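Values below: all heavy atoms of this structure, side chains included; hydrogens, waters and symmetry mates excluded. Remember, predicted model here, so these are calculated numbers, not experimental data.
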Amino acid sequence: MDAWRRASLVRDYLAAMDAHIADISDEEEKASATEWFNWCRQRQKVLDPLHGPIRFPDDPEPTDEALRPFLPEWMRRRW
């Protein structure tokens, strides 16, 4: 969910950036802003987990450290 929220923030930023770029009259500045916009749009696709397959996450490795939060308090103290 954190990745989706981050991607949503970038999506909102892109919408505002696109509106701002439309108002730029200087061609060089507009070209530079458009290049940045296109890079951000590609990055947003990488950040958004909904742009890939939706599936259960892989099971984590059952290491001692990964299991520790799920153990009773008396067992956690022994490690």
Side-chain angles (χ1 to χ4, degrees):
M1 288 186 341
D2 290 338
W4 179 82
R5 284 187 186 115
R6 227 177 342 249
S8 293
L9 286 172
V10 173
R11 209 174 8 260
D12 292 346
Y13 176 65
L14 288 171
M17 188 190 305
D18 193 33
H20 180 75
I21 290 171
D23 293 337
I24 297 174
S25 58
D26 180 86
E27 290 302 316
E28 189 174 317
E29 183 181 342
K30 189 172 203 156
S32 178
T34 300
E35 184 178 359
W36 174 239
F37 174 82
N38 290 334
W39 184 91
C40 290
R41 186 171 48 189
Q42 291 303 314
R43 184 67 183 145
Q44 186 271 333
K45 289 178 184 176
V46 171
L47 293 174
D48 193 342
L50 297 181
H51 277 279
I54 298 174
R55 60 182 175 80
F56 281 106
D58 295 333
D59 288 334
E61 288 295 317
T63 63
D64 291 344
E65 202 56 43
L67 295 174
R68 184 180 304 239
F70 304 100
L71 296 174
E73 182 65 32
W74 65 271
M75 288 185 79
R76 283 187 249 165
R77 282 185 261 142
R78 293 178 65 199
W79 290 352

| Residue pairs involving residues 8-50 (criterion ring pair (Phe, Tyr, Trp, His ring centres under 6.0 Å); sequence neighbours excluded) | W36-W39
| Roughly how far apart are L67 CG and E61 CD, rounded to 0.5 Å? | 10.5 Å
| said: If you compare all heavy atoms of P49 against all heavy atoms of A3, which two are closest, and at what distance to 0.1 Å? | reply: CD-C, 3.9 Å
| remark: d(D18 CG, R41 CZ) to nearest 0.5 Å is 8.0 Å
| note | Contacts of W4 meeting ring pair (Phe, Tyr, Trp, His ring centres under 6.0 Å) (sequence neighbours excluded), chain-then-number -> none
| task | With rounding to the nearest 0.5 Å, note down the distance linking CG in N38 to CG in L14. | result | 9.5 Å
| Atom SG in C40, atom CZ in R11: separation rounded to 0.5 Å? | 14.0 Å
| query | In Å, rounded to the nearest 0.5 Å, how long is the span from CD of Q44 to OG of S8? | reply | 8.0 Å
Could you go through residues 21-34 and list every donor-acceptor pair under 3.5 Å that involves a side-chain atom there, pairing it with any protein atom two or more places apart or in another chain?
| from | atom 1 | to | atom 2 | distance (Å) |
| --- | --- | --- | --- | --- |
| D26 | OD2 | E28 | N | 3.3 |
| D26 | OD2 | E29 | N | 2.7 |
| T34 | OG1 | K30 | O | 2.7 |

